[in-house]
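Report on the following structure.
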2 protein chains.
Amino acid sequence: MTSSEFMTEEGTGIIGSNAGRSRSHNRRVVLEFVRAHEPAGRAEIARSCGLSIQAVSNIIDTLQGEGLLRTVGHRAGMRGKPALQYQFNPDGAFAVGVEIRPDAMVCALLNLTGKRIFSRRKKLKDASPEKAVPAVTKLIAAAIEASGRDRKNLLGTGIVMPGPFGESGLSYSGAAVLSGWENINIKEEFEKALACPVIIENDATAAAVSERLAGTASEMNSFCFIYFGTGLGLGVIAGGHSQRGALGNAGEIGHIITEANGLPCPCGNFGCLETYASRMGAFAFLEKAGVNMDEGATLASLLEAQHPAMLEWIEGAAQHLSQAIGMVENLFDPETVILGGAMADVVIDALIEKLDLPKGSVANRPARNFPRVMRGSSGRLTAAIGGAAMIIHRTITPTVTVFH
Amino acid sequence: MTSSEFMTEEGTGIIGSNAGRSRSHNRRVVLEFVRAHEPAGRAEIARSCGLSIQAVSNIIDTLQGEGLLRTVGHRAGMRGKPALQYQFNPDGAFAVGVEIRPDAMVCALLNLTGKRIFSRRKKLKDASPEKAVPAVTKLIAAAIEASGRDRKNLLGTGIVMPGPFGESGLSYSGAAVLSGWENINIKEEFEKALACPVIIENDATAAAVSERLAGTASEMNSFCFIYFGTGLGLGVIAGGHSQRGALGNAGEIGHIITEANGLPCPCGNFGCLETYASRMGAFAFLEKAGVNMDEGATLASLLEAQHPAMLEWIEGAAQHLSQAIGMVENLFDPETVILGGAMADVVIDALIEKLDLPKGSVANRPARNFPRVMRGSSGRLTAAIGGAAMIIHRTITPTVTVFH
DNA sequence: ATTTTTTACTCAACTAACTTGAATTAAATA
DNA sequence: TATTTAATTCAAGTTAGTTGAGTAAAAAAT
């Protein structure tokens with residue numbers, strides 16, 4: 001397998017199709033079907049994908065030759081010749097994800113099925129591009145080495161950084177924002193340093209993609225992910241694809257106003273959701289309530305100790321979150337809203353427990369396949385895993401129409 | 001030209017590509033390019049669409065043969081052989097749009113360039129499916145007859161009805177809601193009656209598509225449209241395609257809460273945006289202020305007379321709208337937010353004038369191609385025109401991946 | 001004024017990838 | 001044991017895009 005087989009053509013605007021692009025699209029269509037329905041036989045895939053059995057057969061031969069798919073016995077119990085079943089070959093390829101924060105980097109390796117095969121965290125003294133790019137390069141090299149994988153099976157690297165990217169009115173400075181990255185082409189820098197395809201994405205979108213690849217949303221084509229980072233982000237998957245907006249800054253849910261004339265926010269507004277329902281908001285609330293967080297206490301430990309201030313924060317945050325979730329439901333009509341990110345599971349569960357979702361919502365329908373709100377499944381490595389998931393997602397998920 | 005050339009394949013999930021589907025995709029790619037850049041020559045199209053000149057040449061020959069494209073002389077002033085320029089042939093095809101309201105139907109015919117070639121409004125005594133479907137059928141037949149068009153050039157019909165569709169917590173009854181349509185397959189009913197392809201869509205989405213086809217947003221791939229109907233709707237175009245959510249109910253912006261514990265809304269919540277910033281909201285406000293609307297006064301006439309209550313309503317509505325627009329900007333990161341629909345232009349302009357948009361928004365960036373908020377361009381026929389625009393949009397805009 | 005360069009476009013041969021139909025295999029059912 | 005059903009393969013056929021040579025026409029250079 002050469003990595004060029006996965007090269008995504010890039011360009012401005014929508015491009016036409018030809019034999020080669022059809023093949024590349026069909027490879028992804030087959031892979032996407034197998035991801036969602038494995039194990040599956042050739043005839044079954046052909047029927048579902050609108051292709052002839054012969055076409056699917058040829059594609060599967062190739063994919064198997066490349067080590068991406070493998071057989072898992074025959075399907076029994078049905079009439080007719082039993083179908084040879086295929087599934088992902090977990091070791092056929094892998095992807096790297098890196099989360100860059102102002103103070104640290106987290107690196108995770110995922111195999112083709114989205115399972116974590118390695119992860120490592122490293123402090124970052126200087127998060128400027130000049131220092132961070134080489135540091136990330138070194139970290140990845142060490143991670144691949146330690147994982148025992150062959151670099152030729154590397155599909156690419158997904159870099160997760162806090163947005164918003166480019167020029168925007170939210171470029172205030174705060175703990176969550178990286179400085180020095182404003183005027184460089186981040187993707188190009190990393191592609192040069194890493195010599196592999198690179199995707200740059202924000203944490204919330206990466207987390208959403210990760211949930212779809214191998215998490216809570218593996219069967220959904222349309223859902224939203226509320227990401228608890230330092231601030232708060234929203235990742236949106238619609239029609240199986242992440243939605244990034246005109247300039248890649250969609251999903252800035254943290255600065256939605258949920259209380260008119262509420263708490264002041266560094267962004268200049270008052271009453272932003274983020275000032276209530278985020279880790280940052282929690283710390284500010286607890287500090288104001290006189291809780292000393294320096295002695296090793298965490299949000300999770302405070303919650304487990306049923307600390308009154310923590311319970312009070314949960315209550316208030318849940319109220320603001322409920323409002324925001326209602327909004328998201330009415331605007332995006334998702335199959336579900338997933339809560340996750342850099343927040344302990346117990347805290348998220350407590351928040352979900354306390355939610356009081358609006359009745360007047362398109363989501364408040366009797367027949368639902370999933371609850372209105374669910375918890376994410378990838379825990380604290382979510383962002384780094386999400387980065388790698390983006391790469392695998394791009395390898396698998398079909399898109400003929402390419403946008404800028 | 002046979003209408004089967006435009007038949008969209010439908011199915012569940014993503015389908016593979018083959019020669020025929022490639023051709024169909026490439027036809028759309030060429031048409032979409034010409035729409036956005038007309039007039040254009042073959043070589044120029046080929047370069048931009050990632051196809052060979054020969055492929056584009058063959059497609060253009062076909063499109064010209066079908067009457068969809070026509071030549072408009074040669075491009076002069078450049079070196080080399082002057083390129084033959086192509087543009088849409090306005091009369092090559094047309095589409096019908098129908099807006100169905102509880103008390104009336106509006107029908108509009110658009111030519112291929114999105115220009116209105118005919119429109120007619122008719123009262124509807126009984127908006128039940130049994131009565132309305134035949135009434136619409138008759139109206140369309142009369143409209144086609146009166147426009148002098150040949151039915152064989154009809155691309156299809158777009159029916160615009162107030163959502164939300166299907167089961168949802170917003171199925172309260174109110175003036176804007178049609179009853180009796182809950183448990184029938186609306187698309188099938190109309191396709192049977194009209195014997196042409198049919199799209200069912202809500203007013204906001206249809207209006208958004210219309211703005212992109214031949215309006216304020218003709219060069220945008222990502223924008224939002226806030227539609228003033230009886231209530232309030234949001235149409236979202238992202239990546240050139242309308243976003244409808246998991247069940248087609250995305251964009252219910254009317255029931256976003258912009259004032260905690262505010263005015264009661266029929267949906268069960270308090271403080272919904274719709275109770276302030278919608279026609280319904282305006283009438284309620286004015287009635288409460290003692291303004292008698294029965295004597296032929298309209299929102300526009302009150303505004304022109306600088307009626308204090310009207311000015312007060314504008315002020316309040318603009319405040320709530322500003323909040324909602326800020327939200328929409330932060331969540332979708334659109335190129336612009338367009339305001340339009342069944343509200344007089346002067347009123348919309350007054351609202352825009354009074355907006356106080358949040359500073360903390362990803363949209364508040366110095367370098368913008370468009371203002372943060374703009375007014376829509378299709379006026380009171382917006383919804384019906386939008387229906388027809390949906391059909392033309394589908395004919396033109398490429399999508400290989402087909403979703404359910 | 002003539003030649004060169006540049007660009008658009010057409011014709012004909014070529015190729016990649018999907019489709020079709022016949023043949024083969026293997027399990028369940030009659 | 002024969003029949004039916006379904007999966008898969010083989011080989012030929014089809015569609016549509018690509019490639020390369022050749023023509024046409026305008027601008028720029030000589």
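All heavy atoms count here, side chains included; hydrogens, waters and symmetry mates do not. So that the names make sense, note that chain A is the first sequence line, chain B the second, and so on, each numbered from 1.
- Atoms OG1 and CE, from A:Thr397 and A:Met390 in turn, are 9.5 Å apart once rounded to the nearest 0.5 Å.
- Within the 3.5 Å criterion, the main-chain N or O of B:Glu335 finds a donor-acceptor partner in the side chain of B:Arg368.
- With C:dA8, D:dA7, C:dC18 as the candidates, the nucleotide lying closest to the side chain of B:Lys81 is C:dA8.
- Counting non-hydrogen atoms under 4.0 angstrom, A:Asn26 reaches the backbone sugars and phosphates but no base.
- Protein atom CD1 of A:Ile45 is 13 Å distant from nucleotide atom C1' of D:dT8, rounded to whole Å.
- Distances shown here put a side-chain N or O of B:Arg47 below 4.0 Å from the OP1 or OP2 atom of C:dA8.
- Of the listed nucleotides (C:dC9, D:dT18, D:dT9), C:dC9 has the atom at the smallest distance from the side chain of B:Ile53.
- Position along DNA chain D of the nearest nucleotide to A:Gln54 versus A:Ala83 favours A:Ala83 as the more 5'-ward residue.
- Nearest heavy atom pair, residue A:Ile385 against residue A:Ser210, reads CG2-OG, 3.6 Å.
- Sorted by residue number, the members of residues 73-80 of chain B with any non-hydrogen atom under 4.0 Å from DNA chain D read B:Met78, B:Arg79, B:Gly80.
- For the pair A:Glu44 CD and D:dT5 P, the computed distance is 20 Å after rounding to whole Å.
- For the pair A:Asn18 CG and C:dC14 C1', the interatomic distance rounds to 15 Å; values are reported in whole Å.
- The interatomic distance linking A:Leu51 (CG) with C:dA16 (P) rounds to 19 Å, in whole Å.
- Between the P atom of D:dT15 and the CG atom of B:Asn58 lies a distance of 14 Å, rounded to the nearest Å.
- The distance between atom CG of A:Asp61 and atom P of C:dA17, rounded to the nearest whole Å, is 14 Å.
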A:Ser22 vs B:Ser22, test: side-chain hydrogen bond (donor to acceptor under 3.5 Å, both in side chains). Steps then yes/no. CA-CA 7 Å; A:Ser22 279; B:Ser22 280; 2.9 Å; yes
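- A salt bridge between A:Arg212 and A:Glu32 is present, with a side-chain N of the basic residue lying under 4.0 Å from a carboxylate O of the acidic one.
- Proximity note for B:Ser52 (side chain, C-beta onward) versus D:dT18, C:dA8, D:dG17: the nearest is D:dT18.
- Remark: B:Arg21 is not in phosphate contact with C:dC18, judged by side-chain N or O atoms under 4.0 Å from OP1 or OP2.
- A donor-acceptor contact under 3.5 angstrom links the side chains of A:Gln87 and A:Arg70, judged on distance only.
- The distance from atom CG of B:Leu84 to atom C1' of D:dA26 is 14 Å, rounded to the nearest whole Å.
- In this model, the phosphate group of C:dT10 is approached by a side-chain N or O of B:Ser57 to a distance below 4.0 Å at OP1 or OP2.
- Put simply, CZ on A:Arg27 is 11 Å from P on C:dA17, counting in whole angstrom units.
- Listed pair B:Arg23 / D:dG17 meets the phosphate criterion, a side-chain N or O lying under 4.0 Å from OP1 or OP2.
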List the steps, then state whether side-chain hydrogen bond (donor to acceptor under 3.5 Å, both in side chains) holds for B:Glu211 with B:Ser377. CA-CA 7 Å; B:Glu211 290 295 344; B:Ser377 57; 2.9 Å; yes
